[in-house]
Amino acid sequence: MNCSGFASEPTALGKNHTEHNFDNDVQGADSFDDFVVSRAKAFDYARSDAQVNVLTFTRNMLQPFLIYDFGHINFYNQVEGASIDRDATEHFGVAGVRLQLDTNFRVDVGYRLNYRNFDDRVVTSDSNGYVDVNVFWQPMDNLRLTGVIERYYDESTSSFGVIDDVKTYGVIADWTVMPRWRLTGTTYFDDAQVWPNAGIP
């Protein structure tokens, strides 16, 4: 069994939360988020997270896993008594199974639940769920491919929304050209709904 935790890590970005890398020694264990680079942010905020990952039966082909994350989101430029209060706490959990076909190929399939509790006086909380998929393939020593399907809350890019509800479908290609040269390409589709404006289906 492998268990790891990450204590209170502040960041100014939204997060592609489910990297599903439980062991930093395995291939594809880079935890940087390629999917948020192009998402413009309208407001300044900080996010701190504490996360626990548990991966069991690591010698078997089927490896059940659990992920739990607690996050705190604090907006800098919000005046006291603002009509929309975006400060919040967030919980999300993922439960699923890793199919480890080879050291260079794995498929993580699970279900993710998101819950956010807002400081806003009108919109107090919201929750949703969605399938969560992470596929890793390393066809060559210097080339790694990762596919992701997930749903998560991101900080709103609209002045009239509290949050963005995002479904992401994407692929990352990571190519080490030479020892000190690395090329990463990302293609993705974001289905982002401003909430509560558009509602969450």
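When reading the values below, keep in mind they use all heavy atoms of this one structure, side chains included, and skip hydrogens, waters and symmetry mates. Residue numbers start at 1 and run along the sequence shown.
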Atom pair [atom1]/[atom2] of [X] and [Y] - distance to nearest 0.5 Å:
X: T168; Y: D154; atom1: OG1; atom2: CG; result: 8.5 Å
X: I172; Y: R144; atom1: CD1; atom2: CZ; result: 10.0 Å
X: E155; Y: I163; atom1: CD; atom2: CD1; result: 8.0 Å
X: F92; Y: Y68; atom1: CZ; atom2: OH; result: 9.5 Å
X: E150; Y: Y169; atom1: CD; atom2: OH; result: 11.0 Å
X: D190; Y: D164; atom1: CG; atom2: CG; result: 9.5 Å

Identify the heavy atoms of [X] and [Y] that sit nearest to each other, and give their distance.
X: D69; Y: Q51; result: OD2-NE2, 2.9 Å
X: F118; Y: D126; result: CE1-N, 4.0 Å
X: A192; Y: V166; result: CB-CG2, 4.1 Å
X: G129; Y: L113; result: CA-CD2, 4.1 Å
X: L66; Y: A95; result: CD2-CB, 3.5 Å

Check: Going through the checks in order, is the side chain to side chain contact (heavy atoms under 4.5 Å, CB included) test met by L62 and F57?
Finding: CA-CA 7 Å; L62 293 178; F57 301 106; over 6 Å; no
A side-chain contact here means heavy atoms from C-beta on lying under 4.5 Å apart; do [X] and [Y] qualify?
X: I73; Y: E90; value: yes
X: L99; Y: F105; value: no
X: N53; Y: L55; value: no
X: K167; Y: Y130; value: yes

Within the side chain of [X], is there an N or O that forms a donor-acceptor pair under 3.5 Å with the backbone of [Y]?
X: R151; Y: V131; answer: no
X: Q193; Y: D165; answer: no
X: D87; Y: F75; answer: yes
X: T56; Y: P64; answer: yes
X: D102; Y: N104; answer: yes
X: Y153; Y: S127; answer: yes

Notebook entry, point to check: Is there a path from W137 to M61 through hydrophobic residues (I, L, V, M, F, W, Y) whose side chains come within less than 4.5 Å of each other?
Noted result: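 The answer is yes; both residues are in one hydrophobic cluster.
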Notebook entry, point to check: Hey, quick one: are V135 and Y111 part of the same hydrophobic cluster, counting side-chain heavy atoms closer than 4.5 Å, chains of contacts allowed?
Noted result: no
Check: Does the side chain of S125 pick up a donor-acceptor pair with the side chain of N117 at under 3.5 Å?
Finding: no
Notebook entry, point to check: Do N114 and R112 get their side chains close enough for a donor-acceptor pair, meaning under 3.5 Å?
Noted result: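 Yes, a side-chain donor-acceptor pair sits under 3.5 Å.
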Margin query: Does D141, at its CG atom, have more than 12 non-hydrogen atoms belonging to other residues, nucleotides or ligands within less than 6.0 Å?
Written below: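 Incorrect, the count does not exceed 12.
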Margin query: Over 60° means perpendicular and under 30° means parallel, so tell me whether Y115 and H91 are parallel, tilted or perpendicular.
Written below: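 If you compare the ring of Y115 with that of H91, the planes turn out tilted.
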Check: Under the side chain to side chain contact (heavy atoms under 4.5 Å, CB included) criterion, do F136 and D108 qualify, and how do the steps go?
Finding: CA-CA 9 Å; F136 170 77; D108 295 354; over 6 Å; no
